[in-house]
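Here's the structure, in structure tokens; my notes come after.
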Amino acid sequence: MSELLEEERLSEHRSLQLQFHQFVAKEIEPYVIDWENNEGISLDIVTRLKEAQYFGLTMPKKLGGLGHDYVTYGMLNEEIGYASVSLSGLLNVHTMVTETILKWGTEEQKNTILIELIKGQKIGALALTEPEAGSDLTMIQTEYINNGDSVILNGHKKWITFGGLADIILVFGKMEGKHVAYLVDKDTPGLTIKPIKGMLGFKASYLAELKFDHCIIPQNNMVGRPGFALSHLAPYALTFGRLSIAFASVGLIKACLSACGKYVTSRKSFNTPLIQHGMISHMITEMGVDLEAARLLALQACQAKDQNKSDVIEQMMIAKYFASRAAVRHASNAVQIMGAQGCNEEYGVARFYRDCKALEIVEGSSQIHEMILGPRFARKGKRL
């Protein structure tokens with residue numbers, strides 16, 4: 001019986017991945033260059049994602065979601081990352097907010113704001129990073145002042161993915177010495193949103209700088225409780241961000257392999273197909289093997305999450321670390337293989353090269369991952 005159920009689940013996953021692939025080919029790939037040139041995705045794709053119900057992919061059916069597992073969420077991120085890493089950032093931040101509210105939000109928040117986010121009626125974003133607080137979140141200076149039934153918010157956030165498009169922003173800060181997080185509406189008086197242009201990668205991700213000047217926020221917009229924001233909410237949200245980045249990285253490596261595969265099998269050098277040159281074959285081999293390895297690590301992390309395993313955070317960090325670093329290596333190799341075409345935006349590989357570096361930085365840099373994973377692996381090694 002268990003084998004039959006596993007085969008049914010595998011068949012369902014294959015069917016869903018094909019659905020995602022077809023969606024990307026029709027609704028995303030033809031428009032990516034325009035999005036990059038305009039430094040912003042079109043609102044049309046937001047509508048298409050809403051119609052497909054992808055904003056609530058993993059959310060419970062009773063709240064209007066599709067109720068899929070995290071393997072399915074990963075596959076969607078891979079397919080979107082194949083075409084547009086910028087757009088994958090939308091699912092990333094939106095999911096971090098929805099999952100955090102589902103886990104830590106009040107019943108009122110779940111029955112109002114969360115349902116709007118699930119249905120795609122509103123877009124969510126997460127505001128952690130500040131000009132002086134990146135990897136070290138304890139340096140956050142954004143402040144909430146208790147004001148009875150409301151709080152007064154003052155502060156400055158920067159590099160907020162889709163901060164320029166979001167309707168609801170989960171903003172982290174301090175109140176009376178304790179870290180807190182509140183849901184803030186984009187139309188809140190005193191909130192100024194400034195687009196950030198000219199990024200190396202993630203050009204179409206509506207990065208923004210947010211300034212809060214005596215913003216009045218309802219007290220019941222707090223998610224979780226005082227003191228929980230950095231110890232519980234942020235790490236929980238980041239697990240989904242790392243999962244999204246891992247699969248977006250897989251998608252980017254797959255895009256590199258697709259572009260290079262077509263190129264090296266059709267082009268000749270010294271009267272010999274490029275793929276028959278040892279150095280080219282070596283790079284393509286490493287690209288293909290790392291694609292398989294990154295995908296397996298990411299799928300393993302998804303399964304750990306679906307099965308509520310105790311090491312899920314570690315598994316997601318491993319997947320994000322390996323996949324994002326592999327994406328950097330192979331985007332660089334793809335440019336090298338394709339030469340002048342690899343340096344031209346028309347062929348996509350130049351975009352992969354720009355986007356890949358950000359994958360190593362967002363949702364915890366590779367160095368932060370090393371600081372956390374290194375000691376864990378050392379302790380494991382000590383027991384071997």
Side-chain angles (χ1 to χ4, degrees), residues 90 92-117 121-196 205-238 241 362-363:
L90 176 57
N92 179 352
V93 296
H94 188 87
T95 300
M96 284 198 285
V97 175
T98 56
E99 291 284 357
T100 301
I101 298 173
L102 182 66
K103 173 74 172 178
W104 301 103
T106 64
E107 289 305 309
E108 180 185 358
Q109 291 166 356
K110 292 175 186 178
N111 291 321
T112 54
I113 295 172
L114 180 56
I115 288 177
E116 291 178 318
L117 292 169
Q121 295 169 344
K122 292 187 176 180
I123 300 299
L126 193 88
L128 269 168
T129 308
E130 298 182 1
E132 303 301 326
S135 296
D136 183 3
L137 296 177
T138 62
M139 296 295 290
I140 284 177
Q141 298 299 310
T142 294
E143 183 180 22
Y144 290 94
I145 301 172
N146 200 329
N147 192 37
D149 291 337
S150 63
V151 291
I152 301 170
L153 169 60
N154 290 289
H156 186 186
K157 298 291 184 179
K158 197 169 184 180
W159 317 115
I160 306 306
T161 304
F162 280 95
L165 187 67
D167 303 289
I168 297 291
I169 306 163
L170 184 59
V171 181
F172 288 75
K174 291 180 180 177
M175 183 169 65
E176 298 174 352
K178 295 181 178 180
H179 289 101
V180 294
Y182 281 79
L183 295 163
V184 178
D185 191 282
K186 71 171 182 179
D187 294 324
T188 301
L191 168 57
T192 303
I193 301 175
K194 180 183 177 182
I196 298 175
S205 292
Y206 284 90
L207 264 71
E209 183 174 6
L210 314 178
K211 292 186 178 180
F212 307 93
D213 184 9
H214 288 81
C215 297
I216 307 299
I217 313 299
Q219 188 69 257
N220 59 12
N221 276 26
M222 180 189 290
V223 181
R225 64 174 188 258
F228 264 47
L230 291 191
S231 61
H232 291 72
L233 270 66
Y236 186 78
L238 287 171
V362 296
E363 319 314 356

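Closest heavy-atom contact between Leu230 and Pro235: O-CD, 3.1 Å. Residues Ile216 and Thr188 share a closest heavy-atom pair of O-CG2, 3.9 Å. Nearest approach of Leu210 to Ala127, heavy atoms of both residues: CD1-CB, 4.2 Å. Pairing each heavy atom of Gly227 with each of Val180, the nearest pair is N-CG1, 4.5 Å. Listed here is the closest heavy atom pair of Ala125 and Val97: O-CG2, 3.3 Å.
The distance from atom NE2 of His232 to atom NZ of Lys103, rounded to the nearest 0.5 Å, is 9.0 Å. Between the NE2 atom in His214 and the CG atom in Asn147 there is a gap of 10.5 Å [rounded to 0.5 Å]. Between the CG atom in Leu233 and the CD atom in Glu99 there is a gap of 12.5 Å [rounded to 0.5 Å]. Here Ile152 contributes atom CD1 and Ile217 contributes atom CD1; the two are 10.5 Å apart, rounded to the nearest 0.5 Å. The structure places NE2 of His179 at 10.0 Å from OG1 of Thr142, a figure rounded to the nearest 0.5 Å. The CG atom of Leu102 sits 6.5 Å away from atom OH of Tyr236, with the distance rounded to the nearest 0.5 Å.
Under the rule for a ring pair (Phe, Tyr, Trp, His ring centres under 6.0 Å), the partners of Tyr144 that lie at least two apart in sequence or sit in another chain are Tyr182. Every residue was checked against the side-chain hydrogen bond (donor to acceptor under 3.5 Å, both in side chains) condition with Asn220, not counting sequence neighbours, and none meets it. Every side chain to side chain contact (heavy atoms under 4.5 Å, CB included) that Lys110 has, sequence neighbours left out, goes to Ile101, Glu107, Leu114. Contacts of His94 classified as ring pair (Phe, Tyr, Trp, His ring centres under 6.0 Å), with partners at least two apart in sequence or in another chain: Phe55. With sequence neighbours excluded, the residues satisfying side chain to side chain contact (heavy atoms under 4.5 Å, CB included) with Val362 are Ile245.
Side-chain N or O atoms of Gln109 include one that pairs as donor or acceptor with a backbone N or O of Thr106 at under 3.5 Å. At least one donor-acceptor pair under 3.5 Å links the side chain of Asn221 to the backbone N or O of Leu183.
Residues Asn92 and Glu363 meet the side-chain proximity criterion, which asks for heavy atoms closer than 4.5 Å. At a threshold of 4.5 Å between non-hydrogen side-chain atoms, the residues Lys122 and Asp185 count as touching. Proximity of Leu117 to Ile113: side-chain heavy atoms (C-beta onward) are separated by under 4.5 Å at one or more points. Taking 4.5 Å as the limit, some side-chain heavy atom of Gln219 sits within range of a side-chain heavy atom of Asn146. Between Leu170 and Thr100 there is a side-chain heavy-atom pair separated by less than 4.5 Å.
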(Q) Quick one, Glu132 with His156, criterion side chain to side chain donor-acceptor pair (under 3.5 Å). Give me CA distance, side-chain angles, the key distance, then yes/no. (A) CA-CA 10 Å; Glu132 303 301 326; His156 186 186; over 6 Å; no

Q. What's the verdict on side-chain contact (heavy atoms from CB on, under 4.5 Å) for Phe228 and Val223, showing C-alpha distance, side-chain angles and the deciding distance?
A. CA-CA 9 Å; Phe228 264 47; Val223 181; over 6 Å; no

(Q) Let's go through Asp213 and Asn154 carefully: what are the C-alpha distance in whole Å and the side-chain angles of both, what is the deciding distance for side-chain contact (heavy atoms from CB on, under 4.5 Å) to 0.1 Å, and is it a yes or a no? (A) CA-CA 5 Å; Asp213 184 9; Asn154 290 289; 3.9 Å; yes

Side-chain donor/acceptor pairs under 3.5 Å, residues 157-168, sequence neighbours excluded:
{"from": "Lys157", "atom 1": "NZ", "to": "Leu128", "atom 2": "O", "distance (Å)": "3.0"}
{"from": "Lys157", "atom 1": "NZ", "to": "Glu130", "atom 2": "OE2", "distance (Å)": "3.0"}
{"from": "Lys157", "atom 1": "NZ", "to": "Phe172", "atom 2": "O", "distance (Å)": "2.7"}
{"from": "Asp167", "atom 1": "OD1", "to": "Lys186", "atom 2": "NZ", "distance (Å)": "3.3"}
{"from": "Asp167", "atom 1": "OD2", "to": "Ile123", "atom 2": "N", "distance (Å)": "2.8"}

